[in-house]
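These notes are about the structure you will find just below.
Owing to the predicted nature of the structure, the values given are computational and were not obtained by experimental measurement.
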Amino acid sequence: YVGREVLIPITVAILLSFVLSPLVDLLRRIRLGRILSVLLAVLLALGIISAMAGIIGSQVAQLATDIPSYATTVENKVASVRGYALDRISGLLERVGHGDDRAERSAKPQAASPGPSATPQPGEPAAAATAPPAAAGMSPLALAEQYLAPILSPLATTGIILVVAIFVLLQKEDLRDRLIRLAGAGDLHRTTVALDDAGRRLSRYFLTQLAINTTFGLVIGIGLYLVGVPNPILWAILSGLLRFVPYIGSFISAGLPIALAAAVDPGWSMAIETAVLYVVVELAVSQAVEPILYGHSTGLSPLAVVVSAIFWSWLWGPVGLVLSMPLTLCLVVLGRYVDQLEFLDVLLGDRPALTPIESFYQRILAGDADEAEDHAELFLKERSLSSYYDEVALKGMQLAANDAERGVLGEEQLERVKTTIKSLVADLAVYDDREPTETETNSQPAGTPRDQQALPKESPPVAVTDPSSLPPAWRTGNAVLCLAGRGPLDEAASTMLAQLLGKHGISARVAVYEAASRKEIAGLDVSGVAMVCVSYLDISGSPSHLRYLMRRLRQKLPEARILVGLWPAEDAALTDERVRHIIGADRYATSLREAVNLCVEEAGAAAAPHDFRKSFGPPTPSPALANHSE
């Protein structure tokens, strides 16, 4: 605040350098040299600014000469509005029984209100016309200071802006290197790429905004000319400039033309048409043009835009209001690329503060199944149900399982988590396990970079099966038994797998771990079971209990195929051949989608001729796993 006289022109110069940087690069590509390219770009900007200032000045001077001719129309409209209001008030008072007396008392002050007296009262100074000139006793230096200071101050500020912009453009690479040294010298390659990308993004954003606002002013000017509002060029320029002010700029720019239209036209049609013009053009630009050109948002949260406008206006006045959006955008871009400044992106940006995995865990931890479902619906507009379960739900459940293992989650909290997940899975049963079509995906904004970094970039394709091609026993007889592991949330993972199998035409049911314990396995209903899928979020590095479970299942179901789903893909059972041999399962899967594909393969093998396995052997597992161990 104290240094605003210096900081404002420097800030404007830096932002101007972002706008002029593409032009300088273009001039340098045609071999004009760095210095000449910078000077030509700055002179072009100065010429445009000077031309706009000259046009605005001439238009304002012309408007000032025409203002007296509009006074009569304004006075007549004010009188008519006042008379209409008095008539309405008088009629209202008459209806309640006091109309005549109160109407007279309310009308008399209006009619008898005296104008300003032309005769000076005793003790008052004489008229200004008879007063001696204020400059009569002033020295030439004082006169120069009084009349030249208002002119020299803007010129000095403009000079500072141009000089700083020239040096910023001349030393752009050096300034970038210094910023790298301050913010990210530990990883020069990453920081250099990030800052170059940030500079390009900011330049593109500023140029796009400049083009949009220029087009906005041009359309407004043409519309005002057709409507008949005087000085349409002035209002076109002001509309384009004021639109740089977030949220309220368009409303401010519309106020004066609407007031002028009301002063020019004896009726109200011109003012109404002017207001409709601004509303229609603003809605078209903000809701159609801007989303197409640079996305559905500027990268700032709506609250950050409002708060930043208030802050910069308080700090630097009207200039701060105009600069609030680009300044805040610069801070957010820096926060996205510089680790030390990431808090700026979290506080001011519009990207989710939590990844989908973290958000899922936070919502189920709070017992809020509705908001968890809302987040799931947004994900399912771009991805399949199995992708959501694998990439968000299972990973969020692993966070819960880890907290439960560390003793962070109490019994009551863990029970609430189980109930919330069960409710969420039941609500998501209405969705099909398929990838959305291109039309459905394009109708939604793309995921944010942070979200994309948190999720796998590629997954195996979803199994596509014609249910009628499966054996009847696999479609109707609970052919797959989804058995939960020992973990507190393994039953939820088994429920998800059973749901996905059902969507691909395979009948499945869920059994808890206790049903296959030593005491209870004798009573386990295995009628019609052709395959068992055991789900484990974590085997805690000791597969002994899983090995004994495999032995009991082999004794109970000697002909059934057994699949073990170990959802943490880094588990040793998926990489250590010795561990896999000890466990003794037929198949291993690292995701629910992989498990569904393997079950579909087994169902297809069951539909093949009887000697399928004898001739060709069991279905080949995924090359990524290479874990078949019969």
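The two residues Ile166 and Val38 make their nearest non-hydrogen contact at O-CG1, 3.8 Å.
Not one N or O on the side chain of Ser359 forms a donor-acceptor pair closer than 3.5 Å with the backbone of Thr355. Checked by atom type and distance alone, the side chain of Asn231 never pairs as donor or acceptor with a backbone atom of Leu234 at under 3.5 Å. Looking at Trp235, its side chain does come within 3.5 Å of a backbone N or O of Pro230 through a donor-acceptor pair. Remark: side-chain polar atoms of Ser50 are not paired, donor with acceptor, to backbone N or O of Gly47 under 3.5 angstrom.
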Verdict with reasoning, Gln209 to Phe244, per side chain to side chain contact (heavy atoms under 4.5 Å, CB included): CA-CA 8 Å; Gln209 190 180 41; Phe244 283 96; 3.8 Å; yes
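A salt bridge is absent between Arg363 and Glu358: the closest approach of a Lys/Arg side-chain nitrogen to an acidic carboxylate oxygen does not fall below 4.0 angstrom. Ion pairing between Asp25 and Arg34 fails under the 4.0 Å rule for side-chain N and carboxylate O.
Partners of Ser253 under the side-chain hydrogen bond (donor to acceptor under 3.5 Å, both in side chains) rule, at least two apart in sequence or in another chain, do not exist in this structure. For Tyr388, there are no side-chain hydrogen bond (donor to acceptor under 3.5 Å, both in side chains) partners, not counting sequence neighbours.
Counting non-hydrogen atoms of other residues, nucleotides and ligands closer than 6.0 Å to CG of Leu43 gives a total above 12.
Applying the side-chain hydrogen bond (donor to acceptor under 3.5 Å, both in side chains) test to every pair with at least one member in residues 2-18, sequence neighbours left out, gives no pairs at all.
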